[in-house]
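Sequence lines set the chain letters: A, B, ... in the order given, protein chains first and strands last, and positions in each chain run from 1. The figures that follow rest on heavy atoms only: side chains count, while hydrogens, waters and symmetry mates do not.
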Amino acid sequence: MGGGLVLSGLTRPLRGGLVIDMKRMNRILEVDEIGRSVLVEAGASQGMLQAHLKKHHPGFKHSIPDAPPIATIAGNVLIHGSGHLSAAGGFHSDMLNGMEVVLPTGEIAKVGSCATSPYWFSRAPLPDLAGLFIGWHGTTGIATKLAIKLYPDRPLGDVGIFVVEDPELVPGVIHRLAGVAVAEDILAFMANAPAWLRGFQLVNVKYAAETDKELRLKRDLLRESVRCYIDEKVGGFMPLPPAMKQRFLEEPQTTLAVFADAREGGGFEYVGAIMPIELFPDAYRTGLEIAERQGVECATGARIVGLGHCMMFFYGYAFNRADPADVKLAQDALEATNAAVLEMGGIPWKAEAPAQKQIIAKMDPTTFALMKRLREVLDPKGIMNPGNWEAE
Amino acid sequence: MEHAEILHRCFRCGYCKLPGSFQDLNCPPYLKYRFESYAPGGRMWLLRAWLDEEIEASPRLGEILFSCTACGNCVEHCVFPAFKADLLDAFTAGRGELVERGVVPDSVGRYLRAVHSHGNPYNLPEADRARWADGLGVERYSGQEYLFYVGCPGSYDERGQRMARALARLLLDWGVSFGILGEGERCDGNEVRVLGETGLFEQLARENIERFEAEGVRRIVTLSPHAFHAIKNEYPGFGGTFEVCHYPQLLAGQLEKGEFRRGDGPLRVTFHDPCYLGRHNQDYLSPRSVLAALPGVELLEMDRAMADALCCGGGGGNLFTDVLGGGAESASRVRVREAAETGAQVLAVACPKCARMFDDAIKTEGLEDSLQVLDLAEIVQARLAEASLVRSEP
């Protein structure tokens, strides 16, 4: 899952067993330009598809996460990932048209329109069996092919950064900016550097257009959506030099990988919490509290999913892998963050085994019982990634 | 171990495995094996684990470390500016530790013994070093403008010898003042250095420097970019400072001085950047200038070109040691398939090691009828046979 990159160790054989490496099953099988979709094998990487579309299908792109380009498309879809088109298209799992899955019993199942038709156009109108495999961390089957949605790759791109100081204002800002429905990506983040930016909330809005006129129109629409904050002088768009704009438009963002060396030790882990945007102020304060209490540096931010329908709020912790005490600090901070996220009403994303247990403890018992029952039906011998999504 | 302080700092983000376009894997060992341990990040973590005594110095560790071709793709694409420049040096230091402990693959041991005993990896007599030039009228070096440093593949390998002869003929035709050292030449030692045998490298470098200085050499043109790199960047560390160029740089300068009298028939060419001229020394233009000066030559770039070029797989001693090995996903075979996809008739190279690797790969891939490997000197010579170069008066 994920080309060896998943940060939360979802592919560790917790109770022994085999890790199935999909990297050689990496063909890009078919691009449907008219229907805007692509069919890939499960080992195809984000970077491969990005390059393939650029060369063979200019004008099309897929939603790229900020994971490095070696990460696989399938891994990200199957954990409900999000990315640079999530404001437009939702979670990457929402962009899934269908898939082929090897069941724990060895049968090959097709999910979505491809089960009935030669076309991979949609998961509707059939019963949505994709839910049996997405978010299950490999405990119900092995995906081998996926069809995902493509989007227009418009030639002109721009980015604006709206800044406010009061975190209480951020949900409203996001709600308004997203509501205009022109943004491809909205990413809120809290800057630690430069020092003068500390304490400010920055909402980064990326949008694109076919023409200068369209780009100006979109910029004006975004600006008007938050006019009330500008007029009240509690927020405004930050002037951005062209070089900085270019960095923000980069896909994926290499600077995020570089954050892993903030402690000069190559260690980086984060809690990505899926939650409603109204929780933004609480989530932000929680990050500050945990950082202070645990004595760690915490980088926080949030990727907006859909028109503000929810967000993936992330708490990133860099640590020095060569320093066991530093590693322990980060581990404790992650655990504390998972607990705090659940307490405020969010849910840790791509949760590692201990966090899964924390989620299960908060989960409606009937829901968890249903999960267990489904898993027993799909995997009667209990061979698929045992140790994951288990209470004990 | 030198550079041990950076080993734990790799996040294993994987940019080092890819070209700038991300289109495919660009690290030869990772391309072939697809295991993290064979990628630069994996190597770093393994070395860290070894230094921390979590794993032993095993033959398996040796295979992993010595399969690296030192192509420099990792240095080029690593996103960590604080330590990216030291990546290859860290791997070299790691191999050096294994050399010290004698935990090296058999083929690496044989390579180092051959260079130590014979001054070349072919186990052939030093006296035969100049046999490639028989009948050409190439003079021994005696104060000419250039020393033509031929190196081991150019002296002993049949493919390299053809390159050396083509270049020598061109230089003779153009009246360039040059000479060779023949049996007085020693292995440049670049691969010995990369394999971690720093003592033997120093010995070779000092012997060459001593000979160059004794002969009064000031300007050197090399056949191999590996030799160019060693003489340019490593020999000054032992007190040997020379004005050195790789032969495409000399050809580009010579071709600038003249022009072809008439056009030639069309020839579709794709060019493979050698790692030690390109990524290691940042010269991507000289070879292209040579091709651009040839009427009728159409340059068809591969998707992975210049800083993104996929290594031929022969670097880091692998041409001789073959630790990396063959197979459909070996770098050389992937690269010739990529070259064929451009529609080129000729895969142009500028390194005798690349020429040998690709000659073999083209046969294995069954591409002999559609794609031919020629080095830049061979291409220029062939085009000159059809046309003629008008020399500008000085």
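For a heavy-atom cut-off of 4.5 Å, chain B lies close to Lys55(A) in residues 52-63 of chain A. The contact list for residues 316-335 of chain A toward chain B, using heavy atoms and a distance under 4.5 Å, reads Asn320(A), Arg321(A), Ala322(A) by residue number.
Using a 4.5 Å cut-off between heavy atoms, Leu7(B) contacts chain A through its backbone alone, with no side-chain atom that close. Neither the backbone nor the side chain of Glu5(B) comes within contact range of chain A, judged by heavy atoms closer than 4.5 Å. Heavy atoms of Glu264(A) lying under 4.5 Å from chain B belong to its backbone as well as its side chain. In this structure, chain A has a heavy atom under 4.5 Å from the backbone of Cys10(B), while its side chain stays farther away. Proximity to chain B (any heavy atom under 4.5 Å) is shown, for Arg263(A), by neither the backbone nor the side chain. The contact between Asp303(B) and chain A is made entirely by side chain atoms (from C-beta outward), counting heavy-atom distances below 4.5 Å. For Glu36(B), the part lying under 4.5 angstrom from a heavy atom of chain A is the side chain only.
Taken from CG in Asp261(A) to CD1 in Ile6(B), the straight-line distance is 10.0 Å, to the nearest 0.5 Å.
Surrounding CD of Glu56(B) are at most 12 heavy atoms belonging to other residues, nucleotides or ligands under 6.0 Å away. Within 6.0 Å of CD on Glu2(B) lie no more than 12 heavy atoms contributed by other residues, nucleotides or ligands. Residue Arg154(A) places its CZ atom among more than 12 non-hydrogen atoms of other residues, nucleotides or ligands, all under 6.0 Å distant. For Glu365(B), the CD atom sits in a packed shell: over 12 heavy atoms of surrounding residues, nucleotides or ligands are nearer than 6.0 Å. Surrounding CD of Gln246(A) are at most 12 heavy atoms belonging to other residues, nucleotides or ligands under 6.0 Å away.
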Next item on the list: Determine, stepwise, if the pair Tyr15(B) / Thr254(A) fulfils side chain to side chain contact (heavy atoms under 4.5 Å, CB included).
Entry: CA-CA 9 Å; Tyr15(B) 281 92; Thr254(A) 53; 3.4 Å; yes
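Inter-residue side-chain proximity for Lys23(A) and Phe35(B) is flagged as unmet; no heavy-atom pair is nearer than 4.5 Å.
Each of Pro69(A), Pro68(A), Ser45(A) was compared with Phe22(B) under the side chain to side chain contact (heavy atoms under 4.5 Å, CB included) criterion, and only Pro69(A) meets it.
Between Gly14(B) and Ile70(A) the shortest heavy-atom distance is CA-CG2, 4.2 Å.
Across Gln23(B), Arg9(B), Met44(B), Arg34(B), the residue that shares the most heavy-atom pairs under 4.5 angstrom with chain A is Arg9(B).
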